[in-house]
Amino acid sequence: MISKTYAPQEIEAKWYQYWLDNKHFASKPNPDKEPYSIVIPPPNVTGILHMGHMLNNTIQDVLIRKARMEGKEACWVPGTDHASIATEAKVVAMLKERGIEKKDISREEFLAYAHEWKDKYGGIILDQLKKLGASCDWDRTNFTMDAHYYESVIDVFVDLYNKGNIYRGVRMVNWDPLGKTALSDEEVIEKDIQAKLYYINYAVSSQQSAVGEETAESYVTIATTRPETIMADAAICVNPNDERYIHLHGKTVKIPLLNREIPIITDEYVTMDFGTGCLKVTPAHDLNDYELGIKHKLPVIDILDDGGFLNEKAVLYVGQDRFAARRNIVKDLEESGHLVKMEEYKSIVKTSERTGAVIEPKLSLQWFLKMEELSKPALENVMNDTIKLYPSKFKNTYRSWMENVHDWCISRQLWWGQQIPAFYLQDGTIIVAKTKREALHKAQHERLLFALTEEDLTQDPDVLDTWFSSWLWPIATFDGIRNPDNEDINYYYPTNDLVTGPDILFFWVARMIIAGYEFKGKLPFENVYLTGIVRDKQGRKMSKQLGNSPDALELIERFGADGVRSGLLFSAPAGNDLLFDEKLCEQGRNFCNKIWNAYRLVEGWTVTEQPIIESNKLAIDWFNSRINQTIKEIQDHFTKFRISDALLSLYNLVWNDFCSKYLEIIKPDFEQPIDKATFNSTIEIFEKLTCLLHPYMPFITEEIWQALAERNEGESICRTEFPQGGDINTELLASFDVMFEVVSKIREIRNVKQLSPKIVLPLAIKTDNKARYENIESIIEKLANTETISYVSDKVDGAISFVVKADEFFINLEGEIDVEAELETAQKDLEYNLGFKKATEAKLSNERFVANAKPELVERERQKLADAESKIKALEERIASLKG
RNA sequence: GGUUUAAUAGCUCAGUUGGUUCAGAGCACCUGCCUUACAAGCAGGGGGUCCAAGGUUCGAAUCCUUGUUAGACCA
């Protein structure tokens with residue numbers, strides 16, 4: 001006896017291993033088949049599976065499994081990303097536990113520890129994806145620090161440098177004082193905070209202010225949120241049009257506490273109505289001030305060290321953290337009478353995405369990639385739909401970003417990553433080459449410095465931004481950088497679909513497109529499906545701090561992988577955030593259970609050679625039409641990436657049409673056998689349904705598919721053909737709709753009258769078209785539990801009745817009838833139909849409607865009018881007889 | 001502040017080229033059933049001024065304008 005409820009835990013591991021053992025996910029170039037490839041968005045090697053991954057990878061798995069069943073050579077490339085900052089932080093933490101400080105060990109030693117960490121703890125997430133059912137080709141697993149990948153990244157750097165796209169320069173960058181590295185703009189998160197605006201007096205230098213007027217203003221007041229940077233001030237700036245300060249033009253002021261003299265300059269950049277209209281200019285610690293400084297040739301005084309502590313240039317508070325220094329200077333300014341007032345001020349603060357530290361704008365020497373020219377094909381080909389974004393609303397966002405693209409700061413002051421292949425000679429000359437040896441060779445031959453040895457070359461200590469390796473993902477995973485003509489890259493590239501979150505549209509997607517055109521001359525993928533962000537049911541982002549993120553593996557444990565997968569997809573329209581509720585997984589699990597029990601029913605039948613009855617034949621035809629109709633629907637949904645809608649169509653087909661209708665129609669009485677023809681057709685139908693469902697629910701469909709018939713060793717549903725649609729008998733579908741409406745009406749009466757389902761009801765039909773019911777009357781009898789249907793030419797007095805189409809149905813309950821209630825429902829029905837008739841007549845008598853609307857539409861309206869008229873006639877007679 | 005997307009049932013969302021009385025689905029809710037595949041179930045039911053106001057049209061949830069509100073991205 002098989003279990004009453006579906007028990008996923010027992011079968012999921014079994015089938016996953018079976019798939020692996022039989023290499024069903026493996027793929028290699030096959031010229032006889034159409035390729036279909038997806039590269040996984042590589043999760044951080046430090047990552048563990050969360051809700052976002054589950055959604056994202058389920059969608060990819062659905063796409064890849066469907067393509068595989070459609071006979072394409074489906075290849076899903078998995079892998080992980082080395083995630084410089086995140087991994088380096090983990091390694092530093094591991095070392096700390098062992099009592100080792102990063103600063104005490106060499107780069108080589110550190111990297112050895114990092115690899116050790118990666119081998120031990122990295123890539124857990126890939127095993128977790130297996131639990132979800134992901135059908136990746138695991139033999140193709142890539143890691144962005146694999147030797148071949150590393151080499152590809154270096155090749156690309158050298159190539160871009162030689163083309164003149166990479167340069168080194170001093171720029172104001174986002175500095176993370178905790179991670180001690182530069183960050184790209186995209187790695188910075190802005191947070192709203194409540195800050196304070198400090199008003200500080202700077203003394204106007206006396207010799208200039210002494211123009212005779214003793215009471216003349218001897219101070220200017222500036223407003224700043226960062227009082228600790230006054231030691232780095234290079235000037236005070238006012239708007240030249242600001243009449244309040246005209247008398248100050250050309251004078252100097254003294255920095256409080258420090259008494260260093262700085263000039264007062266004028267520039268229209270200053271907003272007159274913000275603060276006091278006086279701006280302190282601190283070129284080293286603010287981007288705008290920096291630009292102002294360049295314009296006015298001001299000195300740059302950098303008073304902070306890499307860790308955010310004040311250095312000797314500050315003179316005061318040396319060695320203090322920037323925030324401690326702020327507190328102290330505020331106190332000292334207050335005591336010395338320089339602090340005029342403090343105001344509450346709503347502001348934003350930039351923080352590091354990885355370490356959370358407050359970002360310091362800092363001048364430093366970094367490597368940059370020029371983006372303007374490179375990004376042109378990437379913009380053009382998204383705008384002209386060569387590469388399609390789903391949903392397309394992201395095209396706008398994409399465009400505005402690509403039109404305002406900045407040069408990309410690609411160097412990071414870390415050790416874990418691809419070390420920049422730039423080598424410096426003692427005089428500072430830069431040689432960019434793949435290896436030290438090549439650099440030496442280049443120096444010797446191009447610069448004729450034959451006396452040089454490798455010892456004279458020092459490699460740049462920085463590594464490349466992680467995104468500078470992941471932007472090559474669709475190419476480098478097929479080794480298409482080093483071996484541009486290899487079989488894999490020629491076959492699988494460009495890949496077909498990319499599935500990822502909109503939050504990395506620019507970080508990653510845009511850059512892959514750029515790389516695709518730059519290094520392959522072609523798009524990297526045709527479609528980009530952008531999933532929503534998984535939020536909790538209150539709409540908050542899932543986060544560790546809030547503790548609102550469910551444990552992904554625990555969910556799988558509780559609801560089964562198929563339950564979680566379908567649950568996630570039930571409410572995941574493309575591009576919309578998904579408000580996750582465990583209820584969704586419950587619904588998914590219930591769906592599995594429903595399918596399971598349908599199987600249990602079929603599995604328990606005994607088969608006889610008796611001939612098929614007419615109504616079963618009809619039901620089989622009807623259901624096949626419904627399947628074909630649904631296949632058409634889901635294929636249409638898939639072309640538009642409406643994965644969620646496709647699943648809902650299937651859900652509806654399986655639950656409402658297959659279980660509630662089809663099986664109920666053909667189900668033999670308790671312990672009675674079923675005829676062979678019906679049984680075989682039902683098995684066939686069930687197989688089709690499992691195939692249609694397989695991309696969504698791989699495990700349960702495999703389990704049932706294997707049980708429905710004898711299978712060969714190693715055979716799997718994941719390699720069977722995806723069902724093709726066929727003919728749709730619309731007449732049959734319509735006649736079944738009428739039948740189900742009749743059944744529903746009878747059941748409603750049963751409900752209202754509180755009659756047990758066991759009571760067999762008498763049913764009479766008054767119709768001009770008896771043929772309409774000839775084939776389906778036995779089904780009505782079965783589903784509604786009625787006696788043999790009788791046909792009447794007159795009303796049945798004292799019976800409850802209802803009207804479907806133009807036909808009237810009677811259930812004679814012998815005096816059970818409540819005339820008042822019957823009258824009321826009939827009256828209501830009549831009113832509705834009269835209203836409908838009136839509206840339709842108005843439409844049809846409108847000449848402009850008849851003239852302008854499509855002819856079939858007008859015809860349809862006429863038909864509806866005729867139907868309504870006959871229904872009205874029946875209802876009027878009914879009412880008359882009730883009033884009797 | 002700039003750009004942009006949205007607003008439809010209690011909740012989450014469909015509604016494709018303006019055209020079926022078009023106002024839909026799932027969940028939730030209410031009523032009755034432990035009927036022999038399934039109570040993780042069955043049968044039935046109630047529920048919306050399609051954000052507001054104008055406009056275009058024979059016809060508007062759908063197109064246009066303005067406003068309100070919310071989100072996203074950028075500054």
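Values reported hereafter were calculated over all heavy atoms of this structure, with side chains retained and with hydrogens, waters and symmetry mates removed. Each chain gets a letter, A, B and so on, in the order the sequences are listed, and its residues count up from 1.
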- Side chain of N396(A): nearest nucleotide among rA14(B), rU5(B), rG44(B)? rU5(B)

- Item | Exercise: do D675(A) and T678(A) side chains pair donor with acceptor under 3.5 Å | yes

- Message: So that I can compare with my own list, what are the stems of RNA chain B, taken as at least three consecutive Watson-Crick or G-U pairs with distances under 3.5 Å?
- Response: B:1-7 with B:68-74, B:10-13 with B:24-27, B:29-33 with B:41-45, B:51-55 with B:63-67

- Message: Is the terminal nitrogen or CZ of K661(A) (NZ for Lys, CZ for Arg) located under 6.0 angstrom from the six-membered ring centre of F740(A) and within 45° of that ring's axis?
- Response: yes

- Interatomic distance at C1', rC11(B) relative to rU68(B), whole Å: 23 Å

- Message: Whole angstroms only, please: what is the CG-P distance between L505(A) and rU3(B)?
- Response: 20 Å

- Message: Do T690(A) and Y599(A) pair up side chain to side chain, a donor and an acceptor below 3.5 Å, judged on atom types alone?
- Response: no

- Whole Å only: how far is the CG atom of L648(A) from the C1' atom of rC13(B)? 10 Å

- Message: Please tell me whether Y398(A) and F394(A) form a close aromatic pair, meaning their ring centres lie under 6.0 Å apart.
- Response: no

- Minimum-distance nucleotide to F849(A) side chain [options: rG19(B), rU12(B), rG44(B)]: rG19(B)

- Message: Base, sugar-phosphate or nothing for E603(A)? Non-hydrogen atoms, less than 4.0 Å.
- Response: nothing

- Closest approach of I59(A) and Y529(A), non-hydrogen atoms and distance? CD1-CE2, 3.6 Å

- Query: For every nucleotide of nucleotides 33-40 of chain B, 5' to 3': is a protein heavy atom under 4.0 Å from its base (B), only from its sugar-phosphate (S), or from neither (-)?
  - Reply: --BBBBSB

- Item | Candidates rU31(B), rG26(B), rU12(B) - which lies nearest the side chain of Q587(A) | rG26(B)

- Atom-to-atom span, NZ of K583(A) to C1' of rC11(B) - whole angstrom: 11 Å

- If you find the nucleotide of RNA chain B closest to F740(A) and the one closest to R535(A), which residue's nucleotide is nearer the 5' end? F740(A)

- Item | Distance in angstrom units between Q754(A) CD and rU31(B) C1', rounded | 8 Å

- Query: Heavy atoms, side chains only, cut-off 4.5 Å: are T608(A) and I674(A) in contact?
  - Reply: no

- Query: With a non-hydrogen cut-off below 4.0 angstrom, is R642(A) in contact with a base, only sugar-phosphate, or nothing?
  - Reply: sugar-phosphate

- Message: Under 4.0 Å, heavy atoms only, any strand: does S744(A) hit a base, just the sugar-phosphate, or nothing?
- Response: sugar-phosphate

- Message: If I pick the C1' atom on rA23(B) and the same atom on rU66(B), what distance separates them, to the nearest angstrom?
- Response: 26 Å

- Y651(A) side chain near rC27(B) phosphate (N/O to OP1/OP2, under 4.0 Å): yes

